[in-house]
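First up is the structure itself, then whatever we jot down about it.
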Amino acid sequence: MYEIAEVDGIQNREALEAFNALDPYFPPLQDRHFTNGYWWLAFDGDGNEVAFAGMVPFLPLARVGYFKRCYVLPAHKGHGLQLRLMCARVVKARQLNFSHLVSECLSSNEASANNFRRAGFVQTFPEQPWAKDSIYWLKEL
């Protein structure tokens, strides 16, 4: 019913920025995210964009990837899209020879926390937390 496709960040910038703007928690994306990141869109059976996700290098750590964003339109939640987008990013991270993946989600976002667990992430506690009211995640590849 849904198709997940890796897309070029520069060519799809408008769509990615539009999805990013739907979540008030997400700060605006920067130019470097489109040129140095990896992006996915999910499409419904009619070819409409219904979700997006990104992954960027977690600099300065060269072999660590960061799950930059993920957003699923409300009408399409509950179909496993977030987990499928996580799995697509894990596959790409392995292709890039990343050693680890990191991310976070709001502590109140139980659905996202459960998806991180399903995708094999473990909760971690960074020395210098970078997000407010968040649970931090780590996956060794």
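Numbers here are sequence positions counted from 1. Heavy-atom basis, side chains included; hydrogens, waters and symmetry copies ignored.
In this structure a side-chain-to-backbone donor-acceptor pair under 3.5 Å is present from D8 to I10. A distance-only check finds no donor-acceptor pair linking the side chain of Y66 to the backbone of L59 [under 3.5 Å].
For the atom pair OH (Y25) and CG (N109), the distance works out to 10.0 Å, reported to the nearest 0.5 Å. If you take CD on E3 and CG on D44, they are separated by 10.5 Å, rounding to the nearest 0.5 Å. Here CD1 of I135 is found 12.0 Å from OG1 of T124. Values are rounded to the nearest 0.5 Å. Rounding to the nearest 0.5 angstrom, the gap separating the CG atom in L101 from the CE atom in M55 is 6.5 Å. Remark: R89 CZ to L96 CG distance equals 13.5 Å, nearest 0.5 Å. Taking SG from C70 and CZ from R84, the interatomic distance works out to 12.0 Å, rounded to the nearest 0.5 Å.
Residues L85 and F52 approach most closely at CD1-O, 4.0 Å, considering heavy atoms. The heavy-atom pair separating C105 from W137 by the smallest distance is SG-NE1, 3.4 Å. The heavy-atom pair separating A15 from E49 by the smallest distance is CB-OE1, 3.5 Å. Nearest heavy atom pair, residue F43 against residue A5, reads CE1-CB, 4.0 Å. Closest approach of W39 and H33 over heavy atoms only: NE1-O, 3.0 Å. Between S103 and F67, the shortest heavy-atom distance links the atoms OG-O, 3.2 Å.
Looking only at side-chain heavy atoms (C-beta outward), F116 and M86 come within less than 4.5 Å of each other. Within the 4.5 Å cutoff, the side chain of L22 has heavy atoms near those of the L73 side chain. Here the side chains of R32 and P57 are not in contact, with every heavy-atom distance at 4.5 Å or above.
With S112 as the partner, the side-chain hydrogen bond (donor to acceptor under 3.5 Å, both in side chains) test is satisfied by one option alone out of Q82, E104, R117: Q82.
Close placement of the W130 and F58 rings is indicated, their centers lying within 6.0 Å of each other.
Hydrophobic cluster membership is shared by F34 and F19, with clusters built from Ile, Leu, Val, Met, Phe, Trp and Tyr side chains linked at under 4.5 angstrom. Residue V90 is not grouped with residue L138 when hydrophobic side chains (ILVMFWY) are merged at heavy-atom distances under 4.5 angstrom, including chains of intermediate members. Hydrophobic clustering of Ile, Leu, Val, Met, Phe, Trp and Tyr side chains at less than 4.5 Å, counting indirect connections, unites V56 with L61.
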Q. Could you walk me through whether N115 and F121 pass the side-chain contact (heavy atoms from CB on, under 4.5 Å) check?
A. CA-CA 9 Å; N115 281 325; F121 284 75; over 6 Å; no
Q) Run the side-chain contact (heavy atoms from CB on, under 4.5 Å) check on L16 and L41 step by step: do they pass? A) CA-CA 8 Å; L16 299 170; L41 289 169; 4.0 Å; yes
Q. Are L29 and K68 close enough, and set up right, to give a side-chain contact (heavy atoms from CB on, under 4.5 Å), and what steps lead you there?
A. CA-CA 9 Å; L29 294 167; K68 187 68 180 161; 4.2 Å; yes
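Every residue two or more places apart in sequence or in another chain that forms a side chain to side chain contact (heavy atoms under 4.5 Å, CB included) with A42 is listed here: I4, V50, A51, L81.
Within the structure, the ring-ring contact (aromatic ring centres under 6.0 Å, His included) test picks out the following pairs touching residues 72-99 (sequence neighbours left out): Y2-H76, Y2-H79.
Open room surrounds CD on E14; 12 or fewer heavy atoms of other groups in view lie less than 6.0 Å from it. Residue-environment remark: CD (Q123) exceeds the threshold of 12 foreign heavy atoms within 6.0 Å.
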